[in-house]
Amino acid sequence: SYPASATITKPFHRTVSSISSAIDSNFTQAEQKCGSNGSLENATSVRQLTRLMNARILQRDGTLLPGSMTIDPSTGLIVDINIGQAVGEEQLSSNDEIVQVVDCQGQILSPGFIDIQLNGAYGVDFSNDGNGDTSNSATTKRNSSDHQDQQTQGLDTKDILYVAQRLGETGVTSFCPTMVSSSRQTYRRILPKMRIARKQQQEKHHVSNNNDRVGANILGMHLEGPFFAPSKRGAHDLQHIKGIASVEDVYGINKNEGDEVPQLEDIEIITLAPELPGAFDAIQSLTKPDSSTSSATNPHTIVISCGHTEATYKDGIQALSHGATLLTHLYNAMNSFHHRKPGLVGLLSSQAKLGTMGLKRPFFSMIVDGIHVHESAVSMAYQSHPHGCVLVTDAMTAMGLGDGDHMLGSMKVCIKGDRATLAGTDTLAGSVVSMDTCVKRFHQFTGCSIGEALLCATLHPAMVLKRHVAQQKRSEGGRLLDAPIGILEVKAKADFVMLNDELDVLGTWVGGQLAFQKK
C-alpha cells in the first residue's frame, strides 16, 4: 500500500487502498474514453482529470508553496495549478471531471529529475555494441529474466526501455543516454537503437490504455567524446580519443542513408575539449547552424559542453563566444583552479567580465556522490553560480547492482561501495549513485534549501536543453510532444515526483501516469 502520508481517494468521497488499484481503474476509464486503439477521435468532450491536493509545490525560485495541481493523463499535461487557495469540485468546468484525487498530506511535489549524463544502469551499458570484451559485463547479472541474454548481442531497445522504467524509482522522469568515447561502428549501431527506443516509448505513452509500466522520457544522446585532450581522457579508452574532425564522419552520420544510421537530430549534447585545433569552428557550426543552407525550418542545434580538457580560462571564454553553454562534471578531467590560472572553473565567478562581452556564465554539471568532488568544492561552485548548477549522476552499468567488476564501454571497472574505478587503477570511472542520492548529498553539502537543491536536478538541466519552454507546437493524437519539462506550470508536461522532507522518493509520475510508488 502507499505510504500513509499520501493517500488516494476517488471523487472526493471514496478511499482507494493503493495507487495501483486507482491506476488500474484509470486504465479502464481511458479505454472507455479513447477506444481500444488509443485514439482520441471518439473521445467525449469531458476531460477526466487527476487532482493532487494538500501539497507543497516547487516554484521556479525554489520556494515550496501550499497548493494543488490538476493533470490530464490523456494528454500528459498539467491543466491547473492553485497556490494558497482551496479548490473544490464545484470549480470545475462543465467539460471537466475529477476522477481521481491524491491527498499529498503536505508532502513535496517537484518536477521530475532530469539526468543529462547517464552512461547506463541496472546492468545496461549504453556504449555496448556487443563487439568488445563483454565477459565481465553486468548485463548478464540482472535479476530480470527478460534481460539476461542481451550482452552477447549488445545493447537492445528492450534494455534501454528497461532502464527507463527503473529510473522512476529514483525520481528521474527524463534522461540523456550517454556514450563514452567509442568507435565509428559503435556510434552507428547505438544511436539508431536509441531513436527506435524513443519512438517506441512515445507510442506507448500515446496509447492511454497501455498497461505497460511507464518509464522516464528518453531524450537525445549525450556523446561524451571522443574529441578530448588525451591527458584528460579519464576512464575513456585512449584508442578512441581523437582531435576535432568532421562530426558526421566520426559519429557515422549520413543523411542519405535514412533511419538506419545516426542523424544529428539523435544528439542532444556533445562534450569536447575546446582547446583542440578546429574546436571553435565546430562549436559554432553545431550550436548556430546556418539555416540558409539547411532544409529544416528550425535546424537542429546541439548543446556543446566543455570537458576532458586542458582548456585555459581564455579558451573557455572563446568557447562561450562560439556557442558553448555547459561544463561537464566540473573539477573532474579539467585543469584545477589556481589563483593565477583559473581555468574553466574561473568562468563561474566571471559574471561581470563576461557581461561586458555580451556573454553569460556557463551552466556546469557536478557529480555529487561525495567521491568525485569534495563537499567544500561543491559548496564553493554553487555559491559562485547557484543558477548554473546542474546535478548529474554520470552513472554507469553497475548503478543499482552492487560490488564487483563491470564494464564501461570496452573498459573494465571495479565497484566497491559508491566508488567506481578502472580495474587496477585509482582512476574514477563514472559513478554508481542515483539522482535522488545526489540531491540529498547536495542539500547536505551546500546547506541550501530543499527547493534550491531540487532546482539543480529539474529546472536547471531543463534550461540547459532549452526544454523549460515549449519547443515546437506539434502534437500527436492530442499529446504535445515538446511541452516544457523541469517546471510545474499549466501546459507543462505532468512529469513530477512526490518527496518527503528527507527527499525520499514516494511516487513518480511521467506524462500524468504513475511510474513508481514506494512500498
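When all heavy atoms are compared, the tightest approach of Gly171 to Val497 is CA-CG2, 4.1 Å. Minimum interatomic distance between Ala381 and Leu330 (heavy atoms only, all atoms of both residues): CB-CD2, 3.6 Å. Taking all atoms of both residues into account, the shortest heavy-atom contact from Asp72 to Ser74 is OD1-OG, 2.6 Å. Closest heavy-atom contact between Leu161 and Ala197: CD2-O, 3.7 Å. Considering all non-hydrogen atoms of both residues, Cys456 and Tyr382 come closest at SG-CE1, 4.0 Å.
A donor-acceptor contact shorter than 3.5 Å is absent between the side chain of Asp394 and the backbone of Ser431. Side-chain atoms of Thr63 do not come within 3.5 Å of backbone N or O of Leu65 as any donor-acceptor pair. Not a single donor-acceptor pair under 3.5 Å links the side chain of Thr309 to the backbone N or O of Ala273. Distance alone, capped at 3.5 Å, is enough to place a donor-acceptor pair between the His385 side chain and the Pro362 backbone. Of the possible polar contacts, one joining the Arg198 side chain to the Ile218 backbone as a donor-acceptor pair under 3.5 Å is found. Side-chain N or O atoms of His308 include none that pairs as donor or acceptor with a backbone N or O of Met334 at under 3.5 Å. Between the Thr328 side chain and the Gly307 main chain, no donor and acceptor come within less than 3.5 Å of each other.
Between Leu354 and Ile317, some side-chain heavy-atom pair lies under the 4.5 Å cut-off. Taking 4.5 Å as the limit, every side-chain heavy atom of Ser127 sits out of range of all side-chain heavy atoms of Ile190. A heavy-atom distance below 4.5 Å is not found between the side chains of Ser376 and Phe445. Two residues are said to be in side-chain contact when any heavy atoms from C-beta on lie closer than 4.5 Å; Met366 and Phe442 meet this criterion. Inter-residue side-chain proximity for Leu465 and Leu219 is flagged as met; some heavy-atom pair is nearer than 4.5 Å. Side-chain contact between Phe496 and Leu488: present, with at least one pair of heavy atoms (C-beta onward) separated by less than 4.5 Å. Contact check for Ile371 versus Leu428: side-chain heavy atoms found under the 4.5 Å cut-off. Contact check for Leu320 versus Leu347: side-chain heavy atoms found under the 4.5 Å cut-off.
A salt bridge links Arg441 with Asp418: the closest approach of a Lys/Arg side-chain nitrogen to an acidic carboxylate oxygen falls below 4.0 angstrom. A salt bridge does not link Lys158 to Asp156: none of the charged nitrogens lies less than 4.0 Å from a carboxylate oxygen. Between Glu268 and Arg467, at least one side-chain N (NZ, or NE/NH1/NH2) sits under 4.0 Å from a carboxylate O, which counts as a salt bridge. A salt bridge links Asp501 with Arg56: the distance from a Lys NZ or Arg NE/NH1/NH2 to an Asp or Glu carboxylate oxygen falls below 4.0 Å.
Between His322 and Phe280, the ring-plane angle classifies as parallel under the 30° and 60° cut-offs.
Taking the six-membered ring wherever Trp is involved, the centroid distance between the rings of His372 and His329 does not fall below 6.0 Å. Between Phe337 and Tyr331, the distance separating the two ring centers is not shorter than 6.0 angstrom.
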Give the C-alpha distance, both sets of side-chain angles, the deciding distance and a yes or no for salt bridge (charged side-chain N to carboxylate O under 4.0 Å, His left out) between Glu489 and Arg60.
CA-CA 10 Å; Glu489 296 176 5; Arg60 286 187 184 230; 2.5 Å; yes
Checking Thr397 against Tyr122 for the side chain to side chain donor-acceptor pair (under 3.5 Å) test, could you report, in this order, the C-alpha distance in whole Å, the side-chain angles of both residues, the deciding distance, and whether it holds?
CA-CA 6 Å; Thr397 309; Tyr122 307 110; over 6 Å; no
Applying salt bridge (charged side-chain N to carboxylate O under 4.0 Å, His left out), run through Lys193 and Asp129 and close with a yes or a no.
CA-CA 10 Å; Lys193 288 182 180 180; Asp129 69 350; over 6 Å; no
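Note that CG of Leu118 is 5.0 Å distant from CG of Asp115, once rounded to the nearest 0.5 Å. A distance of 13.0 Å separates CG in Asn119 from CG in Asn128, rounded to the nearest 0.5 Å. Atom CD1 of Ile367 sits about 8.0 Å away from atom OG1 of Thr393, to the nearest 0.5 Å. Remark: Thr271 OG1 to Ile304 CD1 distance equals 8.0 Å, nearest 0.5 Å. Note that CG of Leu391 and CD1 of Ile114 are 11.5 Å apart. Values are rounded to the nearest 0.5 Å. The structure places NZ of Lys232 at 10.0 Å from CD of Glu275, a figure rounded to the nearest 0.5 Å.
Tested against Thr70, the residues Asp80, Val490, Ile78, Ile81 include a single side chain to side chain contact (heavy atoms under 4.5 Å, CB included) partner, Asp80. When the options Glu224, His240, His236, Lys242 are evaluated for a side chain to side chain donor-acceptor pair (under 3.5 Å) with Ser181, the one that passes is His236.
Taking the ring centre of Phe228 as origin, the terminal cationic atom of Arg233 falls outside the region bounded by 6.0 Å and 45° from the ring axis.
Atom CD of Glu375 is surrounded by more than 12 heavy atoms from other residues, nucleotides or ligands within 6.0 Å.
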